[in-house]
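Quick caveat: nothing in here was measured; it's all calculated off a predicted structure. Order of the sequence lines sets the chain letters (A, B, ...), proteins ahead of strands, with each chain counted from 1.
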Amino acid sequence: MTFHDFNLHDDVLTGVDAMNYQQATPIQQMAIPKIIEGKDLIACAQTGTGKTAAYLIPLLDKISHAGHQHTSTLILVPTRELAKQIDEQVEGFAYFVSATSIALYGGGKGENWDQQRNALTTGADIIIATPGRLMAHMQLGYVKFDQLNYLVLDEADKMLDMGFSDDILKIVRELPKNRQTLMFSATMPGKIREFAKKLLTNPDEITLAVSKPAEKIDQQFYLAKDHQKLPLLMHLIQQANAQSMVLFTSRKSEVNPIVRALTKLGYEAHGISSDIEQDEREKVLRGFKNKQFPILVATDVLSRGIDIDSLSHVVNYDVPRDAEDYVHRIGRTARAENTGTAITFVNEMDMQRVRKIERLLDKKLEKRAITEELGLGPAPSENGGERPGERGRNDRPKSGKRNDRRPERNESPRSEAPRPEAQANADTPRPKNRNRKRGGRDGKPGTPRPEGTVAAQASGAVEGEVVANPAVGTTEGEAKKPRRRNRNRGRKPSTQGEGAPVQPSIEA
DNA sequence: AAAAAAC
């Protein structure tokens with residue numbers, strides 16, 4: 001089923017075509033007709049299923065029919081990066097529709113505030129916002145919701161987890177009652193259902209298979225104590241055909257130390273967490289999406305919803321406490337038609353959490369113990385955390401003195417690892433990518449970018465290779481997305497092919 | 001024993 005089967009407005013279809021969306025995913029097939037029909041909707045859909053397009057496309061269709069003289073649509077999301085990403089996606093889809101959008105979120109040294117306020121005085125058809133910043137604008141009277149028709153709650157379960165439920169209720173109190181409300185959630189526990197009752201009217205419900213990671217993801221688990229993780233990671237990077245990797249840690253305090261350690265070992269890495277300045281977060285994410293460096297270290301701020309094109313590896317430096325977050329984290333890879341590898345490090349303390357994941361996935365997960373053979377000392381016990389009362393007796397490495405030692409400072413883990421030739425890796429066919437096939441929309445070659453594996457980039461073994469830059473509508477960042485409609489509302493794009501804006505370079 | 005989100 002393609003998007004041409006939905007009877008969409010021509011302008012919307014042109015935008016959908018330009019974004020190179022062809023086949024509708026299951027959630028899109030189910031949601032789009034219902035949304036067009038005007039039904040309230042609860043949709044339970046896992047990440048990476050095309051959820052955003054499932055509501056953006058039909059809403060744009062309605063907006064394009066309506067004549068867009070007011071803020072008709074509010075989309076609430078849990079994180080700033082998600083707000084920005086959805087805003088960018090709107091701009092792609094709405095390119096041929098006279099619809100404008102703006103993302104409202106915090107951070108950014110006050111400049112963002114002024115920009116947002118100014119943009120709001122012009123008005124926007126679609127507002128995508130994190131709750132706190134939206135409330136600030138509302139309190140100052142900068143937003144007018146009196147003509148709002150559509151409310152979307154994206155990642156609703158996450159927003160409730162984050163304690164946004166009161167804020168959301170407060171916001172919704174200011175919205176017209178006769179609106180269409182759409183709620184998307186990865187899970188549908190009772191709490192969400194109750195919450196939905198307060199906000200939705202007689203909703204239809206769509207449920208897709210939940211909490212199952214894509215089959216295409218190769219999930220690997222390695223038993224590792226904390227001090228073994230970095231050398232083990234080095235070994236795996238050397239061994240893997242890793243093009244581009246996101247490394248998740250559950251603690252923001254670990255982001256910078258890991259970045260520093262990787263940098264010291266010759267890998268270019270940058271971090272994102274709530275402790276990092278918003279400007280830096282955005283610069284880092286943009287640079288990573290544009291493949292300017294191979295390793296992104298992040299907290300769970302990025303575990304949900306963020307699209308990164310052709311990400312070959314996700315590393316969980318620890319096991320997330322929420323089994324659900326595991327599925328989200330690894331769902332960053334193997335998106336669209338790609339395959340991917342998810343590597344998870346498991347220490348004694350993490351075993352309980354792994355069991356939660358096993359229960360969620362209804363599957364026994366095999367944990368590999370290879371630290372011993374890498375000369376890193378014995379792996380942690382697999383029985384860790386089984387009975388909290390017996391901890392210390394069972395999990396503790398028995399002597400700890402002989403083998404359980406930290407590697408010496410100058411003892412390079414790489415010297416012990418088998419070293420596959422980077423060149424061979426560079427020749428390995430890459431997974432197919434929908435966006436890559438297209439080539440530049442303007443026919444011009446794109447920016448050259450480093451090519452090859454993460455390991456090769458660190459050693460400088462692979463020469464740069466020019467890869468055509470995909471054009472409009474890729475998920476690679478705003479470089480290829482069309483110019484903001486806010487600034488040239490109503491005009492047809494005449495210079496869509498103009499070169500990509502200069503990317504700020506990411507320097508350590 | 002976490003993270004995120006407004007100033």
Please give, in whole Å, the distance from dA5(B) P to I171(A) CD1?
15 Å

Report the distance from atom NZ of K84(A) to atom C1' of dA5(B), rounded to the nearest whole Å.
18 Å

Out of dA5(B), dA6(B), dA1(B), minimum distance to the side chain of F164(A) belongs to dA5(B)

What pairs of donor and acceptor atoms, side-chain ones from residues 48-60 of chain A against any protein atom, are under 3.5 angstrom apart with sequence neighbours left out?
unit_1, atom_1, unit_2, atom_2, d
T49(A), OG1, Q46(A), O, 2.7
K51(A), NZ, D154(A), OD1, 2.8
K51(A), NZ, E155(A), OE2, 3.2
Y55(A), OH, D154(A), OD2, 2.7

Y326(A) OH - dA2(B) P separation (whole Å)
22 Å

Which nucleotide wins on minimum distance to the side chain of T130(A), given the candidates dA4(B), dA1(B), dA6(B)?
dA6(B)

Could you tell me whether the phosphate oxygens of dA6(B), OP1 or OP2, come under 4.0 Å of any side-chain nitrogen or oxygen in R80(A)?
yes

Check side-chain hydrogen bond (donor to acceptor under 3.5 Å, both in side chains) between S250(A) and all other residues, then give those that pass, not counting sequence neighbours.
D318(A), R329(A)

Value in whole Å for how far the P atom of dA5(B) lies from CD of E155(A):
13 Å

Using whole Å, report how far CG of L76(A) lies from C1' of dA6(B).
14 Å

I'd like to know if the side chain of T71(A) and the backbone of D125(A) have a donor-acceptor N/O pair within less than 3.5 Å.
no

From the candidates dA4(B), dA2(B), dA6(B), the one with an atom nearest any side-chain atom of R251(A) is dA2(B)

How would you label the contact of G107(A) with the nucleic acid (heavy atoms, under 4.0 Å): base, sugar-phosphate, or nothing?
sugar-phosphate

Take the protein atom CD1 of I168(A) and the nucleotide atom C1' of dA5(B), then report the distance between them rounded to whole Å.
11 Å

Donor + acceptor pair across side chains of D157(A), T187(A) (<3.5 Å):
yes

Donor-acceptor pair present, R321(A) side chain and dA2(B) base, under 3.5 Å
yes

Can you measure D325(A) atom CG to dA2(B) atom P for me and round it to whole angstrom units?
14 Å

Phosphate-side-chain proximity, T299(A) and dA2(B), N/O vs OP1/OP2 below 4.0 Å:
no

Hey, does S303(A) reach any base, or is it just sugar-phosphate, or nothing, if we go heavy atoms under 4.0 Å?
nothing

Separation of D226(A) atom CG from dA1(B) atom P, in whole Å?
16 Å

Is the phosphate of dA5(B), meaning OP1 or OP2, less than 4.0 Å from a side-chain N or O of R281(A)?
yes

For F293(A) and F288(A), I'd like to know if the aromatic rings sit close, meaning centre-to-centre distance below 6.0 Å.
yes

So if I take every side-chain heavy atom of K252(A) and compare against dA4(B), dA6(B), dA5(B), which nucleotide ends up nearest?
dA4(B)

Have a look at R353(A) and say if it touches a base, only the backbone sugar-phosphate, or nothing, with a 4.0 Å heavy-atom cut-off.
nothing

